[in-house]
Number of protein chains: 2
Amino acid sequence: MSALYRQVCKKILDQIASGQRKVGDRLPPEEEFASELGISRSTLRLAFAELEASGVVRRRKRAGTQIIAMKPQPKFSMATSGIQDLLSLGRNTEFRINHVSTVHSDDIDFPGEHYSETAHWLKVCGARTMNDDPRPFSTNRVYVPARFAGIEPVLKTADTSVFQTIEATFGVSVNRVTQSTRAIACPRKDADLLGLEPGSPVLQIDAALYVQKGELMELSVAIFDPSRFQLYSDVSIE
Amino acid sequence: MSALYRQVCKKILDQIASGQRKVGDRLPPEEEFASELGISRSTLRLAFAELEASGVVRRRKRAGTQIIAMKPQPKFSMATSGIQDLLSLGRNTEFRINHVSTVHSDDIDFPGEHYSETAHWLKVCGARTMNDDPRPFSTNRVYVPARFAGIEPVLKTADTSVFQTIEATFGVSVNRVTQSTRAIACPRKDADLLGLEPGSPVLQIDAALYVQKGELMELSVAIFDPSRFQLYSDVSIE
DNA sequence: AAGTGGTCTAGACCACTAC
DNA sequence: TAGTGGTCTAGACCACTTA
C-alpha cells in the first residue's frame, strides 16, 4: 500500500477524471477537507503539494485550492549548464562587434511580430569566434530596445555577448528564451565573414530574450557555419 | 522576516558558500540536525525539501542528506504541449512509410556514438505530410533496436509515428530526447521526395529517444523543407 | 474583515536500504 | 540490521489576500 497522501492524490485525480470534480472547481478548505477525508491536515497538505507541483491545482491564500488541469502535467526540463549553452555560445568563444547604430522599429529585420514597443532600438552587428580561430563561426545581429540602450558606451569593452552586458549593467537576468531555427542559403555578406560560398546552407537562429513579465531584453539573429556548429538539445520528461 | 525554514535553507547555503560545508559532505541526520538548529524536525524537512527541489542536496534512506551542488540549480523548463511538439511533428501531420528493412548496426548512418548495443536494427524509411498536401515536408529515417523490433507487423497500420507505435505496442513512454540540428545541402534522394532542388539548404534533425535508464527507443534522422518548417523552442528559466 | 493557506511544534511509528 | 528518511497525527498561531 502506498503512502496515504499519495492515495489522496489519486483519489482526487480519479474524482477529476470521473467528472465528479471539474477543472475550475475549488476544493474544500484544508481543515474541512481533511476531516471529510478522515486524515490530518498535514497529510492533506502533502497531497496538495504533490498536486500543485504536478500542475493539477493552484493554491492561493483566501482564494483556496483550485483545479486547473485534469491530469498531472508532464514537465519538459532541458539539460543545460546555463543560458550560454542555451543560446549556443560555446565556452571558449569571443564576440567581436563590427558596428553599432540606432534604428527605427520599422527597420528591424526580425521575423514574426512587429516589435513596435519602442520607437528606437540599438542595433549591434558582430561575429563570434572560437578558440582563437580568426575566422568567425557565426555572424550576429542584435536589437536592443530603448530601455536597455544605455549599454552603448559599455559595449566597447564587451567581448562576451550583448545579453551578458545588459545583465551586468542593469542588474537583470534572462528569464525566458524563445528560438526559431531554420536553414537558409547564406547571404553574400555573411558568407564573406564566415568564409563560405554565398548560397551555401547555413543555420539561422532567431532568438528573443526576456527578463521578466515578458519584458523584452533583446532580439538576436545569428547565422552559423554548419561545418563548425550544430544546435544541440537534451530534454527530459518529468 | 521570512519563514523559518527558508532561513534554514539560506543558512545551509551560506555554510556551503563559505566553505564550512562542501559538496560531497553529508548533513547530520534530521533529528540531530533539528535539535542542533533548535527547530522541529518538520521544519527542517521543509528546508530539506526546498534544497532537494533546487538540486542542492540529494536524500536517500540510510545514506542521509548529501550536498551535491553549491548553489540552487536553475531549471530550464521547456514550454511544450507534448513530445509531439518536441519532436516537431505537427498536429495535422501524417507519416507514410516507404520502406522497412532489417539492418546490421554497422549499416546505421547516424552521427555520434557507435550504436552497437544490438546487432540488428529495424530501419524504417518514410515521409511526413501535412494537411493533405501530397508533397511531404520532411523525410524520415528511423532505426529501432532489436528490443522493439516487434513493431514490424504493426507498422503497416501506423500513420502517426514510429515512437508512438512503440509506445502503444510495448506500453513504454519516451523519457528523454536528445536532438542535434544542422543545415545541410539537400541530398538528391530527399530533394526528389520534398520537391526541392538538390543541394538547396535543408534542416537535418538527428534525434535519439530513450525510455528509461537510458534505454534507447529509436534513432531518427529527419530532413525538413525549410520553407515549410522551422524548429521552435521556448525555454523558461526557474 | 475573515477565511484561507502558511508555518511551526512535539511527538510517534514505519519501511527501506546501504553498511 | 540498525540508522536513516518517510509518513502521519493533533494541535496552534499567523499573515496574507481577496471577496
Side-chain angles (χ1 to χ4, degrees), chain A residues 1-16 21-69 72-73 212-213 238, chain B residues 1-16 21-69 72-73 212-213 238:
Chain A
M1 184 70 92
S2 69
L4 181 53
Y5 75 92
R6 290 186 187 279
Q7 297 175 41
V8 173
C9 274
K10 190 176 181 309
K11 184 169 189 172
I12 295 171
L13 288 173
D14 286 345
Q15 288 179 342
I16 298 172
R21 297 188 190 276
K22 294 173 185 176
V23 171
D25 282 1
R26 241 183 55 173
L27 293 172
E30 293 184 352
E31 196 168 342
E32 181 187 330
F33 203 13
S35 74
E36 187 181 319
L37 293 167
I39 61 174
S40 75
R41 200 181 145 215
S42 310
T43 303
L44 179 59
R45 280 182 63 77
L46 282 179
F48 276 176
E50 193 129 315
L51 291 176
E52 189 175 29
S54 61
V56 174
V57 304
R58 172 181 52 184
R59 322 196 66 203
R60 284 176 304 171
K61 287 180 185 175
R62 178 75 207 215
T65 302
Q66 192 180 23
I67 300 173
I68 57 173
Q73 301 298 305
Q212 55 185 334
K213 282 205 58 170
E238 270 175 318
Chain B
M1 184 70 91
S2 69
L4 181 54
Y5 75 91
R6 291 186 187 279
Q7 297 175 41
V8 173
C9 274
K10 189 176 182 309
K11 185 169 188 171
I12 295 172
L13 289 173
D14 286 345
Q15 289 178 342
I16 297 173
R21 298 187 190 276
K22 295 174 185 175
V23 172
D25 282 0
R26 242 184 54 174
L27 293 171
E30 292 184 353
E31 197 168 340
E32 181 187 329
F33 202 14
S35 73
E36 186 182 319
L37 293 168
I39 61 174
S40 76
R41 198 180 146 217
S42 310
T43 303
L44 179 59
R45 279 182 64 77
L46 282 179
F48 277 175
E50 194 130 313
L51 290 176
E52 189 174 29
S54 61
V56 174
V57 304
R58 172 181 51 184
R59 321 196 67 203
R60 284 176 302 170
K61 286 179 185 175
R62 177 75 208 218
T65 301
Q66 193 181 21
I67 301 173
I68 57 174
Q73 301 299 305
Q212 55 184 334
K213 281 205 59 168
E238 268 175 316

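When the C1' atoms of four end pairs are superposed on the next four at each end of the helix from C:dA1-D:dT18 to C:dA18-D:dT1, using five pairs per end, the two resulting axes differ in direction by 30°, to 10°.
Rounded to whole angstrom, the span from the CD atom of B:Gln66 across to the P atom of D:dG5 amounts to 12 Å. Distance B:Arg59 CZ to C:dC16 P: 17 Å, rounded to the nearest Å. Whole-Å rounding puts the A:Arg6 CZ to D:dC8 P distance at 9 Å. Rounding to whole angstrom units, CG of residue A:Leu44 and C1' of C:dT7 are separated by 16 Å. In this structure, the CD atom of A:Glu50 is 13 Å from the C1' atom of D:dT7, given to the nearest Å.
Contacts with DNA chain D (heavy atom under 4.0 Å) in residues 21-34 of chain B: B:Arg26, B:Pro29, B:Glu30, listed by number.
Environment of CD in B:Gln73: crowded, with over 12 heavy atoms of neighbouring residues, nucleotides or ligands closer than 6.0 Å.
Applying the salt bridge (charged side-chain N to carboxylate O under 4.0 Å, His left out) criterion to B:Asp14, with sequence neighbours excluded, gives B:Lys10. Partners of A:Arg21 by salt bridge (charged side-chain N to carboxylate O under 4.0 Å, His left out), not counting sequence neighbours: none found.
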Quick tally for nucleotides 10-17 of chain D: nucleotides whose base has a protein heavy atom under 4.0 Å get B, sugar-phosphate-only ones S, the rest -, giving B-B---SB

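Taking only side-chain nitrogens and oxygens, A:Arg45 never comes nearer than 4.0 Å to OP1 or OP2 of C:dG5. Under 4.0 angstrom from either OP1 or OP2 of C:dT7 there lies no side-chain N or O belonging to B:Thr43. Between A:Tyr5 and D:dC8 there is no side-chain polar atom (N or O) within less than 4.0 angstrom of OP1 or OP2.
Taken from CD in B:Glu32 to CG in B:Leu37, the straight-line distance is 10.5 Å, to the nearest 0.5 Å. One finds the CD1 atom of B:Ile12 at 6.5 Å from the CG atom of B:Leu44 (value rounded to the nearest 0.5 Å). Considering CZ of A:Arg45 and CD1 of A:Ile39, their distance stands at 12.0 Å, rounded to 0.5 Å.
Here the closest heavy-atom approach between residue A:Gly55 and residue A:Ala69 is recorded as O-CB, 3.4 Å. Across every non-hydrogen atom of A:Ala47 and A:Cys9, the tightest pair is O-SG, 3.4 Å.
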Can you list, pair by pair, the side-chain donor-acceptor contacts under 3.5 Å of residues 60-68 of chain B, counting residues two or more places apart and other chains?
| unit_1 | atom_1 | unit_2 | atom_2 | d |
| --- | --- | --- | --- | --- |
| B:Thr65 | OG1 | B:Arg59 | NE | 3.2 |
| B:Thr65 | OG1 | B:Arg59 | NH2 | 3.3 |
| B:Gln66 | OE1 | B:Arg58 | NH2 | 2.6 |
| B:Gln66 | NE2 | B:Gly24 | O | 3.3 |

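Looking only at distances, a side-chain donor or acceptor of A:Gln7 sits under 3.5 Å from a matching main-chain atom of A:Ser2.
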